[in-house]
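In what follows, a single structure is set out as structure tokens and then discussed.
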Amino acid sequence: MPASPAYQRIYAVVRRIPRGRVATYGQVARLARLPGRARQVGYAMHALPSGTRVPWHRVVNAEGRVSRRRVPGAELTQRMLLEREGVGFGPGGKIPLTRYGWKATLRRGVANG
DNA sequence: GCAATGACGCTCT
DNA sequence: CAGAGCGCCATTG
């Protein structure tokens, strides 16, 4: 069963995250035209199958940290994948979003900075 | 349909 | 900068 349309948009946005950068759940939600549904973004990530091509590991929370998950240790995997792409972690395991944050660019004629 | 859960974010202190 | 509280609402049982 295909994922919900909303999920498809979320995945589409996540796929646009460039390598070596990260986006926040809220950011992805807004880019997916689902403002305020940051939680659902996380839920969509949780619903991803193993072996997916969606770079879910490039999605972190607003604090620039890897969110705690139900399964301990899995967060280390995400961190590993990010470091492998060149994303650096600061003290406290926080990623400086000012440096590695994805500067989102909306398509479809939406003006961007 | 109802109640509980959750890979979150913003505001206030 | 760090911690606590409230709001958000789709998904799940």
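Between A:L97 atom CG and B:dC10 atom P there is a gap of 11 Å when expressed in whole angstrom units. A:Q8 has its CD atom 17 Å from the P atom of C:dA10, to the nearest Å. The CZ-P distance, from A:R65 to B:dG9, rounds to 12 Å in whole Å. Regarding A:Y25, its OH atom lies at a distance of 17 Å from the C1' atom of C:dC9, rounded to whole Å. For the pair A:I10 CD1 and C:dT11 C1', the interatomic distance rounds to 12 Å; values are reported in whole Å. Between A:R30 atom CZ and C:dC8 atom P there is a gap of 17 Å when expressed in whole angstrom units. Rounded to an integer number of Å, the gap from CG of A:L82 to P of B:dA7 is 18 Å. In this structure, CG of A:L34 is placed 15 Å from C1' of B:dG9, rounded to the nearest angstrom.
Among the heavy atoms of the strands lying under 4.0 Å from A:Q78 is at least one base atom, whether or not backbone atoms are also near. No engagement by A:G36 is indicated, since no non-hydrogen atom pair under 4.0 Å with the nucleic acid exists.
By the 4.5 Å heavy-atom criterion applied to side chains, A:M80 and A:H57 are not counted as neighbours. Contact annotation: the side chain of A:Y43 never approaches that of A:R37 to less than 4.5 Å [non-hydrogen atoms, C-beta and beyond].
You'll find that the side chain of A:Q40 is closest to B:dG6, out of C:dT11, B:dG9, B:dG6. Here C:dC9 is the nucleotide among B:dC10, C:dT11, C:dC9 with the atom lying nearest to any side-chain atom of A:R37. For A:Y43, whose side chain is taken as the heavy atoms from C-beta onward, the closest listed nucleotide among B:dA7, C:dT11, B:dC8 is C:dT11. Comparing C:dT12, C:dC8, B:dG9 by their closest approach to the side chain of A:R39 singles out C:dC8.
Formation of a donor-acceptor pair under 3.5 Å by the A:E85 side chain with backbone atoms of A:R58 is not found in this model. Proximity of a side-chain donor or acceptor of A:Y11 to a complementary backbone N or O of A:A44 within less than 3.5 Å is detected. Looking only at distances, a side-chain donor or acceptor of A:Q78 sits under 3.5 Å from a matching main-chain atom of A:V59.
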